[in-house]
Amino acid sequence: MSNYKKIERIEKRKCEIWKKKMELHREIDRLNTEFEKCNNELSEILSKLESYCK
């Protein structure tokens, strides 16, 4: 295999990895947002429960 073909193959693989990495970052961001939303909801519920117990 010529060096040119090797370089081409490696660059293509790098591009695929980069795209996958960006997809994973977006998914992590989405999950972090969802996680925060759940935490906020739990906090609200716990606050209400605490106020009922007083």
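Sequence positions, counted from 1, serve as the residue numbers for this chain. Any value given below was found using the heavy atoms of this structure, including those in side chains, with hydrogens, waters and symmetry copies removed.
Residue pairs that meet the side chain to side chain donor-acceptor pair (under 3.5 Å) test with at least one member in residues 21-33, sequence neighbours left out, are E27-R30, R30-E34.
Taking CG of L42 as the reference point, atom CD of E44 lies at 9.5 Å (rounded to 0.5 Å).
Side-chain atoms of E36 and N39, non-hydrogen and from C-beta on, do get closer than 4.5 Å to each other.
Checked against salt bridge (charged side-chain N to carboxylate O under 4.0 Å, His left out), E16 has the following partners two or more places apart in sequence or in another chain: R13. Scored by the side-chain contact (heavy atoms from CB on, under 4.5 Å) test, K19 finds C15 as partners (sequence neighbours excluded).
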